S.K.: 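Quick one: the structure is below, questions incoming.
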Amino acid sequence: MQTLTITKPDDFHLHLRDGAAMASIVNYSAAQFSRAIVMPNLRPAITTVDMALSYRERILDSVDKKYNFEPLMTLYLTDNMLPDVINIAAQTESIKALKYYPAGATTNSDCGVTDIKKIYSVLEAMMKNKLPLLIHGEVADSEVNIFDREKVFIEKVLEPLVDDFCELKIVFEHITTKAAVDFVLNASSNVAATITPQHILLNRNDLFNESFQPHNYCLPVLKEEDDRLAVLDAATSGNSKFFLGTDSAPHSRSKKESGCGCAGIFSAYNALELYVEIFDNQNKLDKVEPFTSFFGADFYGLNRNHEKTTLVKKETRIPEAIPFGDDKLVPLCAGNACSWQVKF
Ligand code: NCD
Ligand code: ZN
């Protein structure tokens with residue numbers, strides 16, 4: 001039987017939620033990943049050091065003791081964030097980055113930043129403290145075609161930003177377009193990107209396959225086939241600017257299958273297996289380990305993990321749904337087979 005042994009991976013973009021919902025799902029991530037960059041878009045948003053540290057404790061309380069899972073915390077940037085908070089965050093061991101949501105761009109982003117110029121003094125403090133800026137790279141302008149929002153963001157916000165803050169470390173999160181791949185490739189070594197499983201597996205037709213597919217709806221929304229191929233190429237290229245970030249974002253089945261369904265795809269059930277299957281289908285198994293386990297850690301200045309993970313090529317079926325608090329949760333590719341399996 002074919003096997004693949006790699007350094008245990010990290011997830012550089014993860015939504016864990018809180019309370020009973022978090023308790024239902026956190027161990028899927030803890031089983032596959034050593035560390036995860038945890039997104040701060042709770043309600044209320046994680047905007048202070050104290051909030052981040054107590055959220056971290058709640059996460060650790062929900063993690064099964066058999067895992068050595070380390071949550072790496074982020075703060076949520078608002079127009080009112082103060083440079084002093086950045087200085088204090090930088091002194092902690094566990095706060096690793098700040099997340100920039102353009103106000104209104106995605107789930108729980110209503111108190112995000114309304115104009116990047118409003119946080120220039122904060123970005124200055126981040127640059128000095130070497131804390132990375134994690135960007136949801138879409139304009140929130142309803143006049144802009146939803147499929148163009150990433151491209152327009154690059155032109156309107158990112159290009160001026162990298163000129164003004166050439167030493168700021170930036171992660172362009174969950175890239176979805178050829179324009180984003182090209183931007184990252186042409187930018188300095190301070191600019192990198194995370195790539196989700198869904199954006200290299202699916203294109204926008206998968207939203208409308210026979211009938212509307214709410215479980216394939218996330219933001220940034222799936223793009224055209226050419227974009228998918230460009231992002232897939234970047235992920236499997238062995239270029240250290242591109243690394244794993246699932247953007248696993250659970251919403252209950254009732255909230256997804258609703259008249260105004262939430263954006264977000266839950267992939268943490270078996271994200272690592274899906275990535276390996278995708279790389280295998282490209283004959284790029286040799287590029288799995290750097291993408292899943294080296295490039296992100298290197299970019300963040302973290303030590304690479306020592307633990308190993310072995311996967312076997314063996315078909316398993318992804319369940320139709322799993323428990324989620326007192327509701328259900330539908331994983332990415334629910335009901336389909338996956339050709340790789342983590343060996344526990
Ligand atoms: C995320 C969520 O649900 O928190 N949703 C999503 O579609 N990706 C927010 C985000 O990362 O945009
Ligand atoms: Zn996200």
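Small disclaimer: the values here were computed from a predicted structure and weren't measured. For ligands, and for the atoms within them, numbers begin at 1 and follow the listed sequence.
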S.K.: Can you name the closest pair of heavy atoms from H15 and A249 and give their distance?
M.R.: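 Here H15 and A249 meet closest at CD2-CB, 3.7 Å.
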S.K.: Verify the ring-centre separation between Y120 and F165: is it less than 6.0 angstrom?
M.R.: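 Yes, ring centres under 6.0 Å apart.
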S.K.: Would you mind checking which non-hydrogen protein atom is closest to atom 4 (O) of ligand 1, with the distance to 0.1 Å?
M.R.: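 The protein heavy atom lying closest is N41 ND2, 2.8 Å.
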S.K.: Parallel, tilted or perpendicular: which describes the rings of Y28 and F266, with under 30° parallel and over 60° perpendicular?
M.R.: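 The arrangement is perpendicular - the two ring planes meet at more than 60°.
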S.K.: Taking only heavy atoms of H13 into account, list the atoms of ligand 1 that are under 4.0 Å away from them.
M.R.: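 That gives atoms 11 (O) of ligand 1.
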S.K.: Quick one: do D227 and N203 satisfy side-chain hydrogen bond (donor to acceptor under 3.5 Å, both in side chains)? Show the steps, please.
M.R.: CA-CA 8 Å; D227 288 313; N203 67 32; over 6 Å; no
S.K.: Within the distance-only criterion (no hydrogens, no angle test), does the side chain of N129 pair as donor or acceptor with the backbone N or O of A125 below 3.5 angstrom?
M.R.: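 Present.
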S.K.: Tell me the nearest of H136, M39, H15 to atom 11 (O) of ligand 1, using heavy-atom distances.
M.R.: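 Looking at heavy atoms only, H15 sits closest to atom 11 (O) of ligand 1.
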S.K.: F295 ring centre to K241 NZ or CZ under 6.0 Å, with the angle to the axis within 45°?
M.R.: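 No, cation not above the ring by the 6.0 Å, 45° rule.
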S.K.: Do F279 and F291 have their ring centres less than 6.0 Å from each other?
M.R.: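 Centroid distance F279-F291: below 6.0 Å, so yes.
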S.K.: Which atoms of ligand 1 are found less than 4.0 Å from any heavy atom of C218?
M.R.: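 Reading through ligand 1 atom by atom, the close ones are 7 (O).
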S.K.: Does this structure show an ion pair linking D298 with R304, if we count only N-O contacts that are shorter than 4.0 Å?
M.R.: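 Between R304 and D298 there is a salt bridge, with a charged N closer than 4.0 Å to a carboxylate O.
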S.K.: Give the residue and atom name of whichever protein heavy atom lies nearest to atom 7 (O) of ligand 1, and the separation in Å to one decimal.
M.R.: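 Nearest protein contact, heavy atoms only, for atom 7 (O) of ligand 1 is L219 N, 2.8 Å.
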S.K.: Could you tell me the residue and atom name of the protein heavy atom closest to atom 8 (N) of ligand 1, and the distance to it rounded to 0.1 Å?
M.R.: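 I find the closest protein heavy atom is D247 OD2, 2.8 Å.
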S.K.: Are Y76 and Y101 an aromatic pair, judged by ring center distance below 6.0 Å?
M.R.: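 Yes.
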S.K.: Does the distance from a Lys or Arg side-chain N to an Asp or Glu carboxylate O, for K117 and D164, drop under 4.0 Å?
M.R.: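 No salt bridge links K117 with D164.
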S.K.: Quick one: which ligand 1 atoms are inside 4.0 Å of a heavy atom on A249?
M.R.: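 Once the distances to A249 are compared, the set is 1 (C), 2 (C), 3 (O), 5 (N).
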S.K.: Below 2.8 Å, which protein N, O or S atoms neighbour the Zn ion (ligand 2), ignoring water?
M.R.: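 Near the Zn ion (ligand 2), the protein supplies H13 NE2, H15 NE2, D247 OD1.
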S.K.: Checking R35 against F69: charged group under 6.0 Å from the ring centre and within 45 degrees of the axis?
M.R.: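 Not satisfied by the 6.0 Å and 45° rule.
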S.K.: Evaluate the side-chain hydrogen bond (donor to acceptor under 3.5 Å, both in side chains) criterion for residues T196 and D247: first the C-alpha distance (whole Å), next the side-chain angles of each, then the deciding distance (0.1 Å), finally the verdict.
M.R.: CA-CA 6 Å; T196 74; D247 193 22; over 6 Å; no
S.K.: Under 4.0 Å, heavy-atom basis, I'd like to know which part of E173 is in contact with ligand 1: side chain, backbone, both or neither.
M.R.: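 It is neither part, as no heavy atom is under 4.0 Å.
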S.K.: Relative to the heavy atoms of G264, which atoms of ligand 1 are at a distance of less than 4.0 Å?
M.R.: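 It comes down to these atoms of ligand 1: 5 (N), 6 (C), 7 (O).
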S.K.: Where is the nearest protein heavy atom to atom 5 (N) of ligand 1: which residue, which atom, and how far?
M.R.: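 Here the nearest protein heavy atom works out to A263 O, 3.2 Å.
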S.K.: Nearest protein heavy-atom contact for atom 12 (O) of ligand 1: which residue, which atom, what distance?
M.R.: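 Of every protein heavy atom, T106 OG1, 2.7 Å lies nearest to atom 12 (O) of ligand 1.
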S.K.: What atoms of ligand 1 come closer than 4.0 angstrom to any heavy atom of R17?
M.R.: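 By the 4.0 Å cutoff, the relevant atoms are 2 (C), 3 (O), 4 (O).
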